[in-house]
Amino acid sequence: MTRLAIVISKDRCVGCHTCALSCKMQNNIPEGLMWNRVLTEGCDVTDGAQGTYPNLTRTYLPVACQHCQNAACQRVCPTGATYKDDKGRVEIDYDKCIGCRMCMAACPYNARVFNWSEPERLTQANYGDARVPVRPKGVVEKCTLCKERTDDGEKPMCVICCPGHARFYGDLDDPESDVAKLVRDKHATALLEEMGTQPSVHYFE
Amino acid sequence: MELLKRNKALTGVLAVLVVVGVGCYIAQLVGGLAMTGMNNGTSWGLYITCFMFFVGLSAGGLIVASSASIFHIKKFKQVAMPAVILSTVCICIAGLFVLIDLGGLYRVWRILTGPNPTSPLIWDICVITCYLVINIFYLHFMRKGNDHAVSIVSRFALPVAILVHSVTAWIFGLENAKEGWYTAILAPIFVASALDSGLALLLLALTGLRRKGIFEVSQDLIASLAGLLATCVAVDAFFIGCELLTTAYPGTEAGVLILSELTAGPTAPFFWIEILCGLVLPFCILVFAKNRQNSVLVCVASGLIVLGVFFKRIWLLFTSFITPDVYGAPGLISGSSVARHAQGVDSFAVISSYAPTAIEIFVVLGVLALGFLAFMALTGWLIGAGKNATATEQAAPATA
C-alpha cells in the first residue's frame with residue numbers, strides 16, 4: 001500500500017506562511033478560504049509566545065488536512081463525496097458533495113472550508129494550476145495533498161515552496177522513504193492522537 | 001379549511017410570513033449560504049438548531065399517542081388525533097430545515113445513488129422517512145376509525161419515534177471531535193427533551209383547540225397530561241445533570257473548557273435560562289396537583305418548557321463550536337465574508353462566533369408560519385369535520 005504524507009519539522013518552521021500562500025495559489029483557493037494555515041501554537045495573537053517572561057516559547061504549527069487513516073470526515077459523509085484513495089489520501093468528489101457540512105463538524109483539525117458563496121478571487125480570474133478543478137458554490141474543499149501534482153510524480157506545492165525546508169513529502173509505507181525515516185528516527189507525532197484519527201501528517205522537533 | 005377561514009387575520013399574517021420566508025430563501029439560493037451567519041468555524045447554525053428542535057417536538061406527540069394505544073391508556077387515546085397531526089407537521093418542518101441548510105440542494109439525489117452506510121445522516125433520512133410514512137398511515141387509520149389498524153401501526157410508531165430522535169442525536173453524539181457532543185447519554189437526553197417539549201406543545205395545541213371550540217378535552221385529561229409532563233421534565237433534568245457531572249468530575253482540559261463556556265461563556269444565557277425557566281420553574285409549577293388543574297398555569301409551564309428545550313438545542317449545538325480543538329492564532333478563516341463584513345486579516349478568528357442574519361430569521365419564521373398553517377388546515381380537515389362525533393364519543397369515557 002501507499003500512504004502519501006507530509007512530515008513537518010517544527011524546529012525549522014519560521015512561521016512565514018509561505019506554505020499557506022503557495023497552497024492558495026496552486027489550488028486556486030477563493031477569497032475567505034484557506035486549505036493550509038500556520039498557527040502560532042496556543043496563542044491568541046499571531047507571532048505571540050507561550051509561557052511567562054522570561055520563560056517564553058514560540059512554536060508554529062502549519063495545519064492542513066491530516067489525511068487520516070481513520071478519517072472522521074469520510075465516515076460521516078452521507079454521499080461518499082469524501083473518500084480515501086489508493087494512495088492513502090483523503091479526497092473529495094465535488095460532484096457528489098451536497099453541502100451538508102457534516103464533515104466540517106466531524107473534523108477535529110478544522111481542516112475543511114466551505115464555499116459559502118459563489119467563489120470570488122481578487123484577480124477576478126482563476127490563478128491556480130490548470131489541472132486543479134474549479135469548485136462551485138455550496139461544496140466543501142480542503143487540502144488534497146496536491147492531488148494533481150502528486151499524481152504526476154511532483155511534490156506538493158507547500159513542500160516545494162517552504163524556504164526553511166521544514167516540510168518533507170513521501171510514502172510512509174515505504175520504510176526507506178525520507179518521511180518514514182523521519183517519523184522513525186525523530187519520534188514524530190501526530191496532532192490530537194487521542195482522537196484516534198491516525199493522521200498521515202506528522203510533526204517533529 | 002374551516003379553521004383558516006374563521007381566523008382570516010391570523011391566516012393572512014401567516015401567509016405573508018410564508019411569502020417573505022420564500023423570498024428570503026430564494027435570496028439564499030442565489031447568494032449561497034453566505035447570506036446566513038454561518039462560517040467555517042461555526043458551520044451549522046439556526047437551521048440545524050430548528051431541525052433538532054422540531055424532530056423533538058414531533059417525536060413527543062407520537063410517543064404519547066402510540067403509547068396510549070399500546071398500553072391501552074384510554075384517557076390519552078382521545079388526544080391521539082391532534083397529537084399525530086402535530087407530529088406529522090413537525091417532522092415535515094424538521095425535514096424542510098435540513099433541505100434549507102444544504103449548500104447543494106440540486107445534488108441531493110446523490111444520497112439515493114451512493115449512500116454511505118457509515119453516515120448517521122443517511123440513517124436519519126431513512127428513519128425520518130419511515131416515521132413520516134407511519135404518521136400518515138396513523139392519521140389515515142384514525143380517520144377511518146379502524147382501531148385494529150391503529151393499534152398495529154402504533155406498535156411500529158413507538159420504537160420509530162424513539163429511534164428518530166436517537167438517530168438525530170447520533171448525528172452529533174458520535175463526533176468525538178466535539179467535546180460537548182460526544183457522549184453516550186446524548187440520545188437519551190434527546191428522547192427526554194423530545195418527550196417534554198412535544199408533550200408541552202401538545203398541551204398548548206389542545207388548549208388552543210379547546211378555546212376555539214374545535215376539539216373538546218376535559219380539564220382532568222389536561223391535568224394528567226401535565227402530570228406526565230412534570231415527570232418527563234424531571235427525567236430530562238436528571239440526564240442533563242448526569243452529563244454535566246461526568247464532564248466536570250475528571251477536570252480534563254477539554255471538559256473544563258466546555259463547562260466554563262457553558263456556564264459563563266457566550267452560550268451561558270441559553271444554558272441558565274434553560275435550567276431555571278425550562279426545567280426548574282415548570283417542574284415546580286406542575287409538581288403540585290392544584291396547579292395542574294389551572295389551565296393558565298399549565299400553559300405557562302408548557303410554554304416555558306418549549307422555550308427551554310429550544311434554548312437547550314442552542315447551547316448544545318453552539319458551545320462545542322466555540323474553541324477549535326487545534327488552538328492558535330490567527331485561527332480559522334471565516335469563509336463567509338458577506339455575513340461578517342470582514343476581509344483580509346479580520347476574516348480570521350481564534351474563537352468562533354455566530355449570529356443569525358435577518359435572512360436566516362425570516363426563512364425560519366416563514367417555515368414556522370407554514371407549519372402553523374398546515375396544522376390549522378389539517379385539524380380543520382381531520383377534526384373539525386367529525387367534531388360532533390368525537391364529542392359524543394368522548395362524553396362516555398369522561399364520565400366513566
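These figures come from a predicted structure and were not determined experimentally.
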query = Can you tell me if NZ on Lys87(A) sees more than 12 non-hydrogen neighbours from other groups inside 6.0 Å?
reply = yes
request  = May I ask you to check whether Tyr60(A) and Asp47(A) show a side-chain donor-acceptor distance below 3.5 Å?
outcome  = yes
query = Checking Phe348(B) against chain A: side chain, backbone, both or neither under 4.5 Å from a heavy atom?
reply = side chain
request  = Report yes if the side chains of Ile48(B) and Ile171(B) come closer than 4.5 Å at any heavy-atom pair, otherwise no.
outcome  = no
key: Qualifying ring pair (Phe, Tyr, Trp, His ring centres under 6.0 Å) pairs with a residue from residues 96-128 of chain A, counting only residues at least two apart or across chains   = Phe114(A)-Trp116(A)
Largest heavy-atom contact set with chain B, pairs under 4.5 Å, which of Pro30(A), Ala106(A), Ala105(A), Ala81(A) = Ala105(A)
key: Contact class of Val140(A) relative to chain B, heavy atoms under 4.5 angstrom   = neither
query = So does Trp35(A) have more than 12 non-hydrogen atoms from other groups sitting under 6.0 Å from CH2?
reply = yes
inquiry  = So for Val76(A), is it side chain, backbone, both, or neither that comes closer than 4.5 Å to the heavy atoms of chain B?
reply    = both
inquiry  = At a 4.5 Å cut-off on heavy atoms, which part of Asn115(A) comes close to chain B: side chain, backbone, both, or neither?
reply    = neither
key: Part of Leu191(A) lying under 4.5 Å from any heavy atom of chain B   = side chain
message = So for atom OH, which belongs to Tyr182(B), do other residues, nucleotides or ligands contribute more than 12 heavy atoms lying within a distance under 6.0 Å?
response = no
key: Part of Arg101(A) within contact of chain B (heavy atom distance under 4.5 Å)   = both
ask   = Is the CZ atom of Phe362(B) crowded by more than 12 outside heavy atoms at less than 6.0 Å?
value = no
Chain A contact via Leu317(B) - which portion, at a heavy-atom distance below 4.5 Å = neither
ask   = What is the ring orientation for Tyr354(B) with Phe318(B), classed by angle as parallel under 30°, tilted 30 to 60°, or perpendicular over 60°?
value = parallel
message = Phe51(B): which residues meet the ring-ring contact (aromatic ring centres under 6.0 Å, His included) condition with it, sequence neighbours left out?
response = none
inquiry  = Under a 4.5 Å cutoff for heavy-atom pairs, which residue among Gly80(A), Cys107(A), Cys97(A) has the most contacts with chain B?
reply    = Cys97(A)
key: Selection from Gln50(A), Met34(A), Arg112(A) maximising heavy-atom pairs under 4.5 Å formed with chain B   = Met34(A)
inquiry  = Please rank Gly114(B), Ser43(B), Gly331(B) by heavy-atom pairs under 4.5 Å with chain A and give me the top one.
reply    = Ser43(B)
inquiry  = Contact between Thr144(A) and Arg89(A) at the side-chain level, heavy atoms closer than 4.5 Å - yes or no?
reply    = no
request  = Examine whether an atom of Tyr94(A) lies under 4.5 Å from a heavy atom of chain B, and if so say whether it belongs to the side chain, the backbone or both; otherwise answer neither.
outcome  = backbone
ask   = Just by distance, with hydrogens left out, do Asp171(A) and Thr2(A) show a side-chain donor and acceptor under 3.5 Å apart?
value = no
query = Would a 4.5 Å heavy-atom cut-off, applied to side chains only, mark Glu274(B) and Phe310(B) as touching?
reply = no
Ion pair check, Lys181(A) and Asp185(A), cut-off under 4.0 Å = no
Which portion of Trp181(B) sits near chain A, non-hydrogen atoms under 4.5 angstrom = side chain
inquiry  = Taking atom NZ as the centre, does Lys186(A) end up with more than 12 heavy-atom neighbours from other residues, nucleotides or ligands that are less than 6.0 angstrom away?
reply    = no
ask   = Is there any residue in residues 97-109 of chain B with a non-hydrogen atom under 4.5 Å from a non-hydrogen atom of chain A, and which ones are they?
value = Asp101(B), Leu102(B), Gly103(B), Gly104(B), Tyr106(B), Arg107(B), Val108(B)
message = Tell me if the aromatic rings of Phe270(B) and Trp315(B) count as close, with their centers under 6.0 Å from one another.
response = no
Sub-6.0 Å ring centroid separation between Trp170(B) and Phe190(B) = no
Stepwise salt bridge (charged side-chain N to carboxylate O under 4.0 Å, His left out) check, Asp129(A) with Arg131(A) = CA-CA 5 Å; Asp129(A) 188 324; Arg131(A) 291 171 291 179; 2.8 Å; yes
query = Using non-hydrogen atoms only, which part of Pro136(A) is less than 4.5 Å away from chain B: side chain, backbone, both, or neither?
reply = side chain
note = One option among Met104(A), Gln74(A), Glu41(A), Arg75(A) has the most heavy-atom pairs under 4.5 Å with chain B, and it is Arg75(A)
message = Need one label for Val350(B): side chain, backbone, both or neither, based on atoms under 4.5 Å from any heavy atom in chain A.
response = side chain
remark   = Within residues 248-265 of chain B, contacts to chain A at heavy-atom distances under 4.5 Å involve none
